Amino acid sequence: MEAGYRGRFAPSPTGPLHFGSLFTALAGYLEARSRGGQWHLRIEDLDTPRCTPGAADAILRTLERFGLHWDGEVVYQSRRREIYEAAIAKLQRDGRLYPCHCSRKALEPTGPVYPGHCRGKSIDLSRPHALRIRVDPAPIVFHDRLQGRQVWRLTEQCGDFVVRRRDGIHAYQLAVVIDDAELGVTEVLRGSDLLDSTARQIHLQRCLGLATPAYCHIPVLVDRSGCKLSKQTGAPAVDGRDPGPVLFALLQRLRQNPPAELRRAPPGTVLDWAVGHWHLERLPPRTRTVIMAENPDPLEERPP
Ligand code: GLU
Ligand code: ZN
């Protein structure tokens with residue numbers, strides 16, 4: 001037992017919960033509970049144009065139905081804008097930010113790395129502008145519990161990146177770092193699709209004087225053609241009417257080998273078993289995806 005463990009689940013309320021996010025939620029819940037730690041819930045509703053009304057409540061209800069009870073109050077990012085703005089002000093005072101007028105269209109031909117057009121230019125601040133943070137060429141090195149040693153160079157990956165968009169919305173990268181620090185998160189456990197955000201987040205932690213938590217990027221569930229199960233790919237919403245068998249199937253994909261007699265058990269029974277038998281290390285190392293086949297049994301994964 002390790003009383004200090006604190007994890008979190010941070011869904012974006014762009015639609016109802018689908019299997020991909022339930023898979024991540026379940027892994028995070030089991031990791032926290034099996035270590036006698038806490039598990040918090042944060043609704044990432046900053047990008048208001050992409051949020052669906054009612055989706056946040058639907059996500060909370062689905063988690064409850066599956067018995068995935070969280071600790072403390074739910075954190076809503078949309079209520080925390082002043083806190084993010086204070087961090088922006090600090091970064092600005094420290095000379096780490098600069099305004100950028102470049103439109104998405106203008107940047108398209110240059111690819112994913114911002115070429116630094118607006119770095120060191122004096123810019124008309126009365127026009128709408130994004131704020132970017134400077135990055136440097138030194139590699140960011142971190143250890144991921146499942147994905148292993150990571151070496152990322154922000155100058156090659158993305159260049160100076162946006163911390164506040166031109167429409168005034170704070171970037172996910174900024175908000176997540178502040179919120180995880182404030183919650184005292186000791187380990188960020190999430191889908192491997194966010195592995196490539198981690199170096200940006202560590203850069204921000206360093207600039208803001210915040211501790212870096214441990215990281216664990218678990219495989220994401222994909223369909224047979226290798227597409228991530230997500231709202232964008234039209235994955236079906238999780239059906240909460242019969243949660244036990246769904247938990248059972250997800251535990252199989254998490255490689256926890258649940259005994260067959262649990263297949264039809266109620267969710268509380270399945271979860272109790274899972275907390276007692278959970279070993280995250282049964283997930284394959286350095287693997288980015290796990291297939292969610294229609295036929296629940298054979299587990300297959302694809303190389304990263
Ligand atoms: N809100 C993000 C998502 O739904 C997750 C952020 C995180 O876990 O850091 O993909
Ligand atoms: Zn620019």
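Counting starts at 1 for both ligands and their atoms, following the listed order. Here the structure is a predicted model, which means the values were calculated and not measured.
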Could you tell me whether ligand 1 has any atom less than 4.0 Å away from a heavy atom of F9?
no
Could you check whether R253 makes a cation-pi contact with F23, meaning its NZ or CZ is under 6.0 Å from the centre of the six-membered ring and within 45° of the ring axis?
no
Is any side-chain N of the basic residue among D94 and K90 closer than 4.0 Å to the acidic one's carboxylate O?
yes
Which of parallel (below 30°), tilted (30 to 60°) and perpendicular (above 60°) describes Y114 and H117?
perpendicular
Looking only at heavy atoms of R8, does any of them come nearer than 4.0 Å to an atom of ligand 1?
yes
By number and element, which atoms of ligand 1 are closer than 4.0 Å to a non-hydrogen atom of V176?
9 (O)
For ligand 1, is there an N or O atom under 3.5 Å from any N or O atom of R190?
yes
By side-chain hydrogen bond (donor to acceptor under 3.5 Å, both in side chains) - contacts of R165 (at least two apart):
D47, D167
Give the ring-plane orientation class for F161 versus H203, where under 30° counts as parallel, over 60° as perpendicular and anything between as tilted.
perpendicular
Indicate yes or no: does R6 engage D71 in a salt bridge with an N to O separation below 4.0 Å.
no
Counting only protein N, O or S atoms and ignoring waters, those under 2.8 Å from the Zn ion (ligand 2) are C100 SG, C102 SG, Y114 OH, C118 SG
For the side chain of Q173 and the backbone of R200, is there at least one donor-acceptor N/O pair under 3.5 Å apart?
no
Using a 4.0 Å cutoff against the non-hydrogen atoms of Y172, which atoms of ligand 1 qualify?
6 (C), 7 (C), 9 (O)
Backbone or side-chain N or O of P11 under 3.5 Å from ligand 1 N or O:
no
Note: L194, heavy atoms under 4.0 Å from ligand 1, region reported as side chain
Those residues that, when tested against W70, pass ring-ring contact (aromatic ring centres under 6.0 Å, His included) (two or more places apart)
none
side-chain hydrogen bond (donor to acceptor under 3.5 Å, both in side chains) with E31: which residues, sequence neighbours excluded?
R35, R145, W278
